[in-house]
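Everything numeric in this text was worked out from a predicted model, so none of it was measured. Letters A, B, ... mirror the listed sequences (proteins, then strands); counts begin at 1.
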Number of protein chains: 4
Amino acid sequence: MKYLYFCVETNYTVVMPKVKDEKKVTDIHKAAMKLLIQTGFAGLKMADVAKEANIATGTLYIYYKSKEALVNDVYEHTRKEMVSVLLDSKNAVSGDFYKTFASMWLSYFNYCLRYPEKMIFVEQFVYSGLIDSTIIDETEKELKPLNQFIEFGQEKGIFKPLNVELLKAQMQGAVHDIIKVIHKKNIELSDTEILQCLGMSWDAMKRTF
Amino acid sequence: MKYLYFCVETNYTVVMPKVKDEKKVTDIHKAAMKLLIQTGFAGLKMADVAKEANIATGTLYIYYKSKEALVNDVYEHTRKEMVSVLLDSKNAVSGDFYKTFASMWLSYFNYCLRYPEKMIFVEQFVYSGLIDSTIIDETEKELKPLNQFIEFGQEKGIFKPLNVELLKAQMQGAVHDIIKVIHKKNIELSDTEILQCLGMSWDAMKRTF
Amino acid sequence: MKYLYFCVETNYTVVMPKVKDEKKVTDIHKAAMKLLIQTGFAGLKMADVAKEANIATGTLYIYYKSKEALVNDVYEHTRKEMVSVLLDSKNAVSGDFYKTFASMWLSYFNYCLRYPEKMIFVEQFVYSGLIDSTIIDETEKELKPLNQFIEFGQEKGIFKPLNVELLKAQMQGAVHDIIKVIHKKNIELSDTEILQCLGMSWDAMKRTF
Amino acid sequence: MKYLYFCVETNYTVVMPKVKDEKKVTDIHKAAMKLLIQTGFAGLKMADVAKEANIATGTLYIYYKSKEALVNDVYEHTRKEMVSVLLDSKNAVSGDFYKTFASMWLSYFNYCLRYPEKMIFVEQFVYSGLIDSTIIDETEKELKPLNQFIEFGQEKGIFKPLNVELLKAQMQGAVHDIIKVIHKKNIELSDTEILQCLGMSWDAMKRTF
DNA sequence: CATGAATGAGAGTTCATTCAT
DNA sequence: CATGAATGAACTCTCATTCAT
């Protein structure tokens, strides 16, 4: 292993043409995200992204063919992360529907609590007019397991028999706005309060008629 | 002398100098809103706003000293409208807490359903970094009656005993995302379905423990 | 007299078409001059001139067909004033060449001391590229008596036998820069010092070879 | 390893990134000066400067952050040149006060004769309202040797015992206006005439009382 | 691959001038 | 004549993108 690593290192540095630097991509992502939050789409300048990522402006265009492509990629990357958090297999508690729901909800809630910028960014971007339509379709596809889970709940008579999209929106919208208000007003949530928020989502979705 | 004065006065009144046109403000608002929805903040061009409002670019700057001022004013105006819809006195059904809640919720929901652009615009703008901080404080103040209503519900043991901000966020966030999904996927809601959405909000907030 | 004044007043206000208001011209001149000094040509805005003169922008264009025409007129007016100060018949002391020179020099110096803005304005305007060429010729013509005076001094062997334009420039240039330095550094000149400045000009022009 | 490092280093040095071009600064200066003379401050357009300097408008803003900064720098540069001409050590003729004065005066006069545009530009700019106040102070400081020279002449009883600023103004003002009249009227000066002008300045300053 | 100076189309804004009132 | 809102050409400045090094 050590030997191989060394070989690669030598190759990389001296002899072979340098391949696209994966670390740079990460740096650019971080930089772009940070500035996107601070300034919004309107204010994002490629020169600033480059400076924040400690590279030259020209270098940005080696990795992304345009500003739009860059922002789309940051979006795509962040969105994927959020989906994977939501659908993490660790959340699945076999045989216990409520526990699975709760685990999923808490995963998502805690992720948003920790990275509110990412959540806000993703939410805003959807309506920014900059998004690539193919990405929307993909999101749809990837979120199918969530739909199936909710439909399962409906079949079992646990969830309200409504259009699944409405149920999803109810859940996600509530989470998003709660995170936003927490973020905006610097509210500190105790574990109990988080569970109460979970309670609200559960009650909202639970069949009562 | 008096007579002469009167004549002059009359003349003066008839030949009145051109006055700033109130209709123009409305036209500009409409134009700006329309384009804001289509293009987002990044793409809003003053020249386009002017063209859409059928005035010259220079005229815009008679009414607003900058692009930022214009967008802020459109925001301010729209936000005020939304608050007034929510707190419309017609919604108050004396002696019936649920009916009052339902009426308020439906007013707001229907307004958002009818003008989803306005809702999306207001939501986005809060996190655009272009907003004037004084406006935020004012919103806070104007929404106090809503807080008092929710607190009243909590005192009566109807609503969950949580931080009021969390309850508000739960309700508004759900509404917003439901509207967004309806808008995005061109879903048609029947009256029954709207009432079911109201049901979700009510259940979410209703005390269950 | 009183009667006439009254008639005019009545006419003016009510019946007859208003003639161009002479006072307005003065107000505009004053306003334009004041701003010209403060901001230079680059910064002079017609709207500001109007505001300073307490009239509407449109009114300016009743009195002057363009910005250039206005500035030219202000220049023309001021220049005429300066020439008349220099060639005031009161300065002529018959039979005494030095006294006449001294009187002329002091008139001009004191005028510039009192209205440094006017002096600076006139000086700058000559090289602003905005000046009407006909005005230059006229200045030339009006200053002929000064030329004749200097030529007379040369014929009498009092002044140096140089190109008259050089002698004039020597005298005026010195006065202008002395005034400017006084103005810029807030220097207070005693009567003695003023006479010493006069002495410098006299010595410069006096034949010494 | 060392060898490889050396190779890389060499590569790096050969493929140097583009560096800010010193020649461009000169080109911009020349262009700006030329247009400044032709059009005055009012008419100077950045687009024209760029065209005249054979660069893109945007490039101007790499070198200067604003139009004002550009004009200030041109002024600063020209002013420095004028001061260095005046105080050129070659002018100092040890032990001969008159020769030193004459040499200095002629240097300055000939410089102004050759570059009347620069002289006019500097003179105008001082009263343009665009000048940076720090630059004025610096001029003051740099001209101290001239003050000391004049004061020396006063102590020796050669120059009139007047405020130094007045003497300086007398000398410079006369030079400036003589140059201006020569320029304006296309007068050709013989060497003799130049010396006669020098004579006027000397006589003006020489003690006679 | 990396750099960052150079580019120039295009954005926001100004302001001399006009014209309906 | 007087007004000042309206106009739009023209200006300054920005910034995504390119390209010589």
Is there a side chain to side chain contact (heavy atoms under 4.5 Å, CB included) between A:Tyr75 and A:Val126 once you walk through the steps? CA-CA 9 Å; A:Tyr75 169 73; A:Val126 174; 3.7 Å; yes

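Paired runs in DNA chain F that reach 3 or more consecutive Watson-Crick or G-U pairs, where each pair keeps both distances under 3.5 Å, cover E:2-21 with F:2-21.
Applying the salt bridge (charged side-chain N to carboxylate O under 4.0 Å, His left out) criterion to C:Asp27, with sequence neighbours excluded, gives C:Lys23. Every residue meeting the side chain to side chain donor-acceptor pair (under 3.5 Å) condition with B:Lys118, not counting sequence neighbours, appears here in chain and number order: B:Glu81. Taking the side chain to side chain donor-acceptor pair (under 3.5 Å) definition, one finds that B:Glu76 meets it with B:Arg79, B:Lys80, sequence neighbours left out. Looking at residues two or more places apart in sequence or on another chain, you find a side chain to side chain contact (heavy atoms under 4.5 Å, CB included) between C:Ala31 and C:Val49, C:Glu52, C:Ala53.
Candidate nucleotides F:dG4, F:dA2, F:dT12 were compared by shortest atom distance to the side chain of C:Ala56, and F:dG4 ranks first. Listed nucleotides: E:dT7, E:dG4, E:dC1. Nearest to the side chain of A:Ile62: E:dC1. Among the nucleotides E:dT3, E:dT17, E:dT13, the one closest to the side chain of B:Thr57 is E:dT13.
In terms of heavy-atom proximity, A:Thr57 sits nearest to A:Ala47 at CG2-CA, 3.5 Å.
Between D:Gly58 and B:Ser66, the one whose closest nucleotide on DNA chain E sits nearer the 5' end is D:Gly58.
Rounded to whole Å, the distance from OH on A:Tyr63 to C1' on E:dA2 is 9 Å. When rounded to the nearest whole Å, the span between OH of C:Tyr61 and P of F:dA6 equals 18 Å. Taking atom CG on A:Leu60 and atom P on E:dG4, their separation rounds to 12 Å, with Å as the unit. Between the OH atom of D:Tyr64 and the C1' atom of F:dT12 there is a distance of 17 Å, given to the nearest Å. Going from atom NZ of D:Lys24 over to atom C1' of E:dA5 covers 7 Å, rounded to whole Å. F:dC1 atom C1' lies 15 Å from atom CD of C:Glu22, rounded to whole Å. Rounded to an integer number of Å, the gap from D:Lys23 NZ to E:dA6 P is 12 Å. The NZ atom of A:Lys67 sits 14 Å away from the C1' atom of E:dG10 (whole-angstrom rounding).
Contact of the A:His29 side chain with the A:Asp73 side chain is registered, since non-hydrogen atoms from C-beta on lie closer than 4.5 Å. Side-chain contact between C:Met46 and C:Leu70: present, with at least one pair of heavy atoms (C-beta onward) separated by less than 4.5 Å.
Side chain of D:Thr59 to backbone of D:Ile55: no donor-acceptor contact under 3.5 angstrom is found.
Contacts of residues 43-53 of chain B with DNA chain E (heavy atom under 4.0 Å): B:Leu44, B:Lys45, B:Met46.
Residue B:Thr59 has a polar side-chain atom (N or O) positioned under 4.0 Å from OP1 or OP2 of F:dT7.
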